[in-house]
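Quick notes on the structure that follows.
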Amino acid sequence: QQQQQPNAILQTAHSAFQYVAQGIFGQQQQPAAKTHSHGHQAHGHGPAHGHGPAHGRVHNFQSQPQSFAASYSSSYSPPQSKGGGALWSWLDDDGYKPYDNDVQKALESAYQSGQPSLLLQVGHFGGHRKGRYTVQFNRAVQPMTCSQVNVQTNFARTVCRTDGHNDNNDGSNDDKQGTANASSTNDKYGQWRKFFRPMSKRHFQTLKEDEKLCSICFCEFEGKELFENQCADFKQLMQTVNDAQTQQLQTTTTQQQHTTHTNTHNHNNHNSNDGNSMDDDGDSEMQSTAPSNQSTEDNKENMASSTTDTNELKQSDISENILQQIGDETIIHLSQCANDDHYFHTECIARWLDEKGKCCHCQRRYAVETGSQPLTGQLTARYMNEACAGYQNCGTIRVTFQFNGGIQGQEHYHPGAPYPGECREAFFPDNMAGREALELTKIAWQRRLIFTVGKSLTTQRENVIVWASIHFKTRMNGGQQRHGYPDETYFDRFKEELKAKGVTVQDLDQNAQHRIQHATGRQNNMYM
């Protein structure tokens, strides 16, 4: 019994020591994973080499306790620009740090010009170590990922560009930024006001009674709803424009009358010298004088019926101050509509644009359409030597859409419900038509138009990521029936589907057009 007592005391002391040690040193053992993750990145398994997420070090802590993972993720979030512009930062062991101002300018210039990489020549990493560090822009991934690489050791650090918008890649799909922007202004017509063009009084007087109707509510227009009767500044603007046009017509008429008088005088002198110059019935003299009289009558008619309307005015002619005075019951036309035969009350067309984003009459789009695609995804384009069926003379572009699981937002059918991760693939031939389709796909991806969360028609499962209304080729062969190639009319149908969503070739910037023409989109040895 005396021998067992010391053993019990030792066991109790040992247990107490373990308890205290866990309390004191338990939290200090976890950051060792940070060094482990850092080492993986140095050996080519981090985001700089296209493997794994952009913030791989946060991902490695998913197995740690939830409270610690949350605090680590928040401390390693990239900083946001306070002035609203772009901010470039690099990920150090202690978190993100902004670059020097000179480096900021150089990086933003290289990014905007479409360069694949930038060799740092200024700032902390370039000032006294020129030629050692380069920043690589991986544009084959949407959202784009960047990394700073030591060209001597190949050690890579994550680089992030923020512009004041939150990507919401934490699994939440609420578009908080759009809500904040909408609530930051008290002008309910703010996003549409720049397209408003009031009807002029002269144009109103030319309309028939059955034409003086709002194209939405079909209520008859009244004279008090003309902007010239509501805004003294606009009335003065239209008076100035009409006076200038009238003066120009008068000047033109005077010049033509002078020319006509001179020609008639010369003609009469010619006839007096040659009595046989006319036909027997005098038609020659009538033909020489009739056009001048007709021209004078045309100018008088133009002066009388001149109906300068606001569609003919340049956008700069109508000041911001004048546009701000347009009220609910003003008769307006939309500036980008091809025809000026449809007018609306301001409140009517604004409500329509809020819901539809395009003119109800001619279908001209005024808003950038966005969908309900989850915000937890990443688009990656890689290049293959294998050819799609029917395109044996070129390689293939393989597009991967990778989504993490998340929580449905307010734009989905079941807000707050979870959805699982998903991975889909699509294929384009590596020719001009395929590269154009890839660039258009990037725009549709940024506007959240390719996927949504709903019910799968194939598996009948609810709350899963499914294709939206844009059809992609998910096979390299098999023909149209199996969603593959060859398919002669596919690219025409593909662009028509995108056009219905407001995505057209006019949305492609110069960098995208250059990548299409010269096949310069292959980066970081992306050919497989």
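What's counted below: heavy atoms across the whole structure, side chains too, no hydrogens, waters or symmetry copies.
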Requested in this report: Can you sort out the partners of Tyr391 under ring-ring contact (aromatic ring centres under 6.0 Å, His included), two or more places apart, ordered by chain and number?
Outcome: Tyr485
Query raised in the report: Does CD in Glu488 sit with more than 12 non-hydrogen atoms of other residues, nucleotides or ligands closer than 6.0 Å?
Result: no
Query - Residue pair Asp507 / Arg447, side-chain heavy-atom distance below 4.5 Å - result: yes
Query - Pair Ser372, Thr452: side-chain N/O donor-acceptor within cut-off below 3.5 Å - result: yes
Query - Qualifying ring-ring contact (aromatic ring centres under 6.0 Å, His included) pairs with a residue from residues 423-442, counting only residues at least two apart or across chains - result: Phe428-Phe494
**Report entry** Over 12 foreign heavy atoms within 6.0 Å of CD, Gln510
**Finding:** no
**Report entry** Derivation and outcome, side chain to side chain contact (heavy atoms under 4.5 Å, CB included), residues Gln408 and Asn463
**Finding:** CA-CA 8 Å; Gln408 297 183 47; Asn463 300 321; 3.0 Å; yes
Query raised in the report: Salt bridge or not for Arg161 and Glu108, using N-O below 4.0 Å?
Result: yes
Query raised in the report: To the nearest 0.5 Å, how far apart are CD1 in Ile216 and CH2 in Trp352?
Result: 6.5 Å
Query raised in the report: Tell me, which pairs form a salt bridge (charged side-chain N to carboxylate O under 4.0 Å, His left out) where one or both residues lie in residues 143-152, sequence neighbours left out?
Result: none
Query raised in the report: Do the side-chain N and O atoms of Asp328 and Tyr189 include a donor-acceptor pair separated by under 3.5 angstrom?
Result: yes
Query raised in the report: Hey, is the main chain of Leu118 close enough, under 3.5 Å, to the side chain of Thr134 for a donor-acceptor pair?
Result: yes
Report task. Report yes if the side chains of Ile450 and Arg424 come closer than 4.5 Å at any heavy-atom pair, otherwise no. Result -> no
Report task. Identify, with sequence neighbours excluded, every residue that meets ring-ring contact (aromatic ring centres under 6.0 Å, His included) alongside His414. Result -> none
Query - SB check Glu497 Lys501 (cutoff 4.0 Å) - result: no
Report task. Determine whether Val159 and Tyr99 make a side-chain contact, defined as any pair of heavy atoms from C-beta on separated by less than 4.5 Å. Result -> yes
Query raised in the report: Is there a donor in the side chain of Gln506 and an acceptor in the side chain of Thr504, or the other way round, less than 3.5 Å apart?
Result: yes
Query raised in the report: Should the ring pair Tyr343 and His333 be called parallel, tilted or perpendicular, given that the plane angle runs from 0 to 90° and is split at 30 and 60?
Result: tilted
**Report entry** ring-ring contact (aromatic ring centres under 6.0 Å, His included) partners of residues 452-471, not counting sequence neighbours, each pair once
**Finding:** Phe401-Trp467, Phe451-Trp467, Trp467-Phe472
Report summary line: Rounding to 0.5 Å, atoms OG1 (Thr489) and CD (Gln480) come to a distance of 6.0 Å
Query raised in the report: Are the charged groups of Lys442 and Glu439 less than 4.0 angstrom apart, N to O?
Result: yes
**Report entry** Heavy-atom check, side chain of Thr474 versus side chain of Glu425, under 4.5 Å
**Finding:** no
Requested in this report: Kindly indicate whether the side chain of Pro98, heavy atoms from C-beta on, has any atom under 4.5 Å from the side chain of Leu87.
Outcome: yes
Requested in this report: Might you point out which heavy atoms bring Gln112 and Asn511 nearest each other, and give the distance in Å?
Outcome: O-ND2, 2.8 Å
Query - Residues, nucleotides or ligands: over 12 heavy atoms within 6.0 Å of Arg351 CZ - result: no
Requested in this report: Please list, chain by chain and in numerical order, all residues satisfying side-chain hydrogen bond (donor to acceptor under 3.5 Å, both in side chains) with Lys455, sequence neighbours excluded.
Outcome: Gln460
Query raised in the report: Does a side-chain heavy-atom distance below 4.5 Å link Val122 with Asp100?
Result: no
Query raised in the report: Taking the inter-plane angle between the rings of His342 and Phe344 on a 0 to 90° scale, is it parallel (under 30°), tilted (30 to 60°) or perpendicular (over 60°)?
Result: perpendicular
**Report entry** Heavy-atom closest pair, residues Lys194 and Ser335
**Finding:** O-OG, 4.4 Å
Query - Residue pair Asp487 / Arg493, side-chain heavy-atom distance below 4.5 Å - result: yes
